Amino acid sequence: MSKMKSYKELMVPEDAWEEIQSLVSEAANPVTIVSCSIEAGRKTLEHLQVTNRSYLGAIALECGGLLVDYGWLKILGAGNERLSGSLATWNSPIQNILVVAYDIIGGFFAIHSNNKTVFYLAPDTLEWEDTECTYSEFIGWALNGDLQLFYKTMRWESWMADSQTLKGDQAFSIVPYLWTAEGQNIEQASKRPVSVLELYELHQEMGKSLNT
C-alpha cells in the first residue's frame, strides 16, 4: 500500500482554483462559493489524496462548496453549514463511491471507483445514470448547463421560495415518490424537509429493490 501524502505534498503552485473562480464569475447559472476553514480544506485534500491541480482537489482545498441555481444543486467541498457534509464525509471506501454533489430533491452525483465519469442517482428512476462527464466537465455543466431543462419534470412553481426554508443538511422528500406513476404530478406532491443523508440511504435502498 502506498504511503498517504500530506496536504503539503498535494498542494502545487499550478492549482486550478483561479480557473474555477473565473468560471464562477462568468457562469450562466447563479453560483455562490461558500467558505471553509483552512484546516478543513487541508484535511479534505489529504483525505482525497488528489492535488489541487485538479478541479476536485482545488474545490476540496479552497471552499466549503458551491451553491448553484439558488441552492438547488450543491457541489461539495470541505464543508459548510449550508451543505450536508463534505467531500471527506461523503467518501465511502466500502461502496467505492465518492459523492461530489446533490440536489434538493434527493438526486446525487458521484464518482464510482474504476470510472472516470460522474454518475447521477436520479430520484425519478433510482438508477445510477452515467452523465458521461468527467468531474471538471460536470463542474462546467453545473455552472453553465440548462438546469431548467434537466430538471423540467422535477421542479414545481414555488421551488425557489420553498428551497430557502431548508436547513443546510436538508433536502425534500417528495411523496408520492417521483419514481411512481402517482408521483408524476410534482405540483400536487408533498415536499417534506428531511436529512440529506436519510434521503440518500432511502434512495440507495429503494433503488436496489427496484432495479434488481
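Note that the structure is a prediction, hence the values are computed from the model and not measured. FYI, side chains are in, hydrogens and waters are out, and symmetry mates aren't considered; it's all heavy atoms of this structure.
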Sequence neighbours excluded, which residues qualify as side-chain contact (heavy atoms from CB on, under 4.5 Å) partners of [X]?
X	result
Thr32	Val34, Leu67, Arg82
Glu157	Glu187
Ala40	Ser37, Ala78
Glu182	Pro176, Thr180

[X], [atom1] atom: more than 12 neighbouring heavy atoms under 6.0 Å:
X	atom1	value
Glu18	CD	no
Glu39	CD	no
Lys43	NZ	no
Glu205	CD	no

Quick one: does [X]'s side chain have a donor or acceptor within less than 3.5 Å of a partner on [Y]'s backbone?
X	Y	result
Asn144	Ala28	yes
Gln170	Lys167	yes
His203	Gly106	yes
Asp169	Gly85	no
Trp90	Ser84	yes
Asn29	Leu143	yes
Gln49	Lys5	yes
Asp130	Glu132	yes
Thr131	Val118	yes
Asp15	Ala58	no

* To do: For Gln164 and Tyr70, test the side chains for any donor-to-acceptor distance below 3.5 angstrom and give the result as yes or no.
  => no

* Quick one: ring pair (Phe, Tyr, Trp, His ring centres under 6.0 Å) pairs with a partner in residues 15-40, sequence neighbours left out? -> none

* Give every residue pair that meets the ring pair (Phe, Tyr, Trp, His ring centres under 6.0 Å) criterion with at least one member in residues 19-41, sequence neighbours excluded. => none

Taking all non-hydrogen atoms of both residues into account, name the closest pair between [X] and [Y] and its distance.
X	Y	result
Ala110	Ile97	CB-CG2, 3.5 Å
Leu121	Gln204	CD2-OE1, 4.2 Å
Asn52	Met11	OD1-CA, 3.3 Å
Leu178	Pro123	CB-O, 3.5 Å
Glu137	Thr134	OE1-N, 2.8 Å
Leu76	Ile59	O-CG2, 3.5 Å

Measuring only between side-chain heavy atoms, which start at C-beta, is [X] closer than 4.5 Å to [Y]?
X	Y	answer
Arg42	Leu61	yes
Leu48	Leu98	yes
Cys133	Thr117	no
Lys191	Thr165	no

* Scan Phe108, Phe150, Trp128 and name whichever one has a ring-ring contact (aromatic ring centres under 6.0 Å, His included) with Tyr120. => Phe150

* Asked: Picking from Trp156, Tyr102, Trp159, what satisfies ring-ring contact (aromatic ring centres under 6.0 Å, His included) with Phe172?
  -> Trp156

Quick check for you: to the nearest 0.5 Å, what is the distance between [X] atom [atom1] and [Y] atom [atom2]?
X	Y	atom1	atom2	result
Trp72	Gln148	CH2	CD	9.0 Å
Leu126	Trp179	CG	CH2	4.5 Å
Asp162	Arg155	CG	CZ	12.5 Å
Ile33	Asn80	CD1	CG	12.0 Å
Asp103	Ile75	CG	CD1	11.5 Å
Ile111	Asn96	CD1	CG	12.5 Å

* To do: With ring-ring contact (aromatic ring centres under 6.0 Å, His included) as the test, would you mind laying out the steps for Phe109 and Phe138 before giving the verdict?
  => CA-CA 9 Å; Phe109 294 89; Phe138 164 71; 4.8 Å; yes

Are [X] and [Y] connected, step by step, through hydrophobic side chains (Ile, Leu, Val, Met, Phe, Trp, Tyr) whose heavy atoms are closer than 4.5 Å?
X	Y	result
Ile38	Tyr7	no
Val50	Val12	no
Tyr151	Met160	yes

